[in-house]
There are 2 protein chains.
Amino acid sequence: MSLRYGLLGLLAEGPASGYDLARRFQEVLGSVWPAQHPKIYAELNRLAQEGLIEVESEGPRGRKAYRMTEAGLAAVRAWLRDTEVDHTLRMQSLLRSFFFWLMEPDDLRRHLDEEARFFAEAAARYEEYAKAKDRGEFGDSPQARSMRIAIEAGVRLHRTLAEWAEWAKTVPLSPPTTTDS
Amino acid sequence: MSLRYGLLGLLAEGPASGYDLARRFQEVLGSVWPAQHPKIYAELNRLAQEGLIEVESEGPRGRKAYRMTEAGLAAVRAWLRDTEVDHTLRMQSLLRSFFFWLMEPDDLRRHLDEEARFFAEAAARYEEYAKAKDRGEFGDSPQARSMRIAIEAGVRLHRTLAEWAEWAKTVPLSPPTTTDS
DNA sequence: ATCACACATGTCCCTAAGTACATGTACTTA
DNA sequence: TAAGTACATGTACTTAGGGACATGTGTGAT
């Protein structure tokens, strides 16, 4: 259901085609909610059938731009206001960390180096985005301010994970061996 | 595939039945990789067919305890060492934050209050776990130390998200209106 | 003795997600 | 004018995940 409301949320900013939405999903929402174009086109058709969106215009190359209907706007708002947040998390990085004790120390160090680098780079990318927003590149609309909040989560989250990976490198996995002297 | 290696990872600590594994998944891995018992039993059967695990003993009420085989241990290790980490993230909380501008200020404040509370409570639960470990309640084995690292990630992650939600409450979503005087 | 509960394993079905395949059009550049 | 690229929309197949349903057993309490 989240994909559905992700699409409606994006369409609340203005009309867009499936192609546009697929790109925007990849660019901005992709890091918190991945979606491939087949799912997007399918969902758009369902949404249109249910009257939550409607074709606004048809363009070249079969392009169909959708516009949100009143019912659609009401539906996103209801989702945001009335439905419980699904806090389910699925992080392979953390799943793996339960099994670090199965790894050779060298492999583990290498792994944590890579993890730290990955998270730090992601954090840096989000920070660039945040700076661009703060420079006014996305304007100062409520949408842009919302995005700024989301980006801030990205920055903090990935920075935290990078620090965690660095910290993890300092934790010895084997208890000190008692020298039987 | 992560469920598979989650199960193998748990079985690396010692023999266990599907029922045991389902409970342990819910308790310790559930927050980073949810799994329901039907999936677990199915995966165990597949794993046994492929020779990565084998039935160690049969107990009352049809209980089947599985033991990991050499091949199974090699498989988890190969997964940990050689396969790339899937960093795909799916966080509904963050997806929603892109659309905060569609919410009434009051609803948004309420929402962020709830989010902050949820994340803070989760962080506190993880912290309790961490303290218990540091008191020595889980011993000092490599497994326990691995778990400690995973728990630390839970603490930091949720604390960060709680702080983010608190911070988000202080961000005005509407640009200051120019009073036409 | 009976009842409730925790133990224990599964099937079935539906939805969500991911990948590969398929098709065609407008524009830009060599 | 030919080739490459970005635009544009889909179908088909496979796997993963979640919920409901089904079934039966040992144990402890009343």
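Keep in mind that the numbers below use all heavy atoms, side chains included, and drop hydrogens, waters and symmetry copies. Lettering of chains follows the sequences in order, A, B, ..., and the numbering in each one begins at 1.
Under the rule for a salt bridge (Lys or Arg N to Asp or Glu O under 4.0 Å), A:Glu56 has no partner lying at least two apart in sequence or in another chain. For A:Ser141, there are no side-chain hydrogen bond (donor to acceptor under 3.5 Å, both in side chains) partners, not counting sequence neighbours. Residues forming a side chain to side chain contact (heavy atoms under 4.5 Å, CB included) with B:Val85 (at least two apart in sequence, or on another chain): A:Gln92, A:Ser93, A:Arg96, A:His111, A:Glu115, B:His87. Under the side chain to side chain contact (heavy atoms under 4.5 Å, CB included) criterion, B:Gln49 pairs with no residue at all, not counting sequence neighbours.
Applying the side chain to side chain donor-acceptor pair (under 3.5 Å) test to pairs two or more places apart or on separate chains, those with a residue in residues 25-42 of chain A are A:Ser31-A:Tyr126. Annotation: salt bridge (Lys or Arg N to Asp or Glu O under 4.0 Å) contacts involving residues 73-92 of chain A, sequence neighbours excluded, comprise A:Arg81-B:Asp107.
One can place CZ of A:Arg24 at 15 Å from P of D:dA8, the figure rounded to the nearest angstrom. Remark: P of D:dT15 and NZ of A:Lys39 are 16 Å apart, rounded to the nearest angstrom. Following rounding to the nearest Å, B:Asp86 (CG) and C:dT19 (C1') show an atom-to-atom distance of 14 Å. Rounded to an integer number of Å, the gap from CG of A:Leu89 to P of D:dG18 is 12 Å. Separating the CD1 atom of B:Ile40 from the C1' atom of D:dA16 is a distance of 14 Å, rounded to the nearest angstrom. In this entry the distance linking CZ of A:Arg46 with P of C:dA16 reads 7 Å, nearest Å. Computed from coordinates, the B:Leu7 CG to D:dG17 P distance equals 11 Å when rounded to whole Å. The CG atom of A:Leu21 sits 12 Å away from the P atom of D:dA8 (whole-angstrom rounding).
Between A:Gln36 and the phosphate of C:dA17, there is no side-chain N or O to OP1/OP2 separation shorter than 4.0 Å. For D:dG18, one of the phosphate oxygens OP1 or OP2 lies less than 4.0 angstrom from a side-chain nitrogen or oxygen of A:Arg90.
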Exercise. Spell out protein contact along nucleotides 4-12 of chain C as letters: B when the base is contacted, S when just the sugar-phosphate is, - when no protein heavy atom is under 4.0 Å; keep the 5' to 3' order.
Key: --BBBBBB-
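In plain terms, the two heavy atoms of A:Glu43 and A:Leu3 that are nearest each other are CB-CD2, 4.3 Å.
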Would you be so kind as to tabulate the donor-acceptor pairs closer than 3.5 Å made by side chains of residues 162-172 of chain B, with sequence neighbours excluded?
from	atom 1	to	atom 2	distance (Å)
B:Trp164	NE1	A:Ile149	O	2.9
B:Glu166	OE1	B:Lys169	NZ	3.2
B:Lys169	NZ	B:Asp113	OD1	2.4
B:Thr170	OG1	B:Trp167	O	2.6

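In this structure, A:Thr69 contributes its side chain and A:Gly51 its backbone to a donor-acceptor pair below 3.5 Å.
Secondary-structure stems of DNA chain C, taken as three or more successive Watson-Crick or G-U wobble pairs (i with j, i+1 with j-1) under a 3.5 Å distance threshold, comprise C:1-30 with D:1-30.
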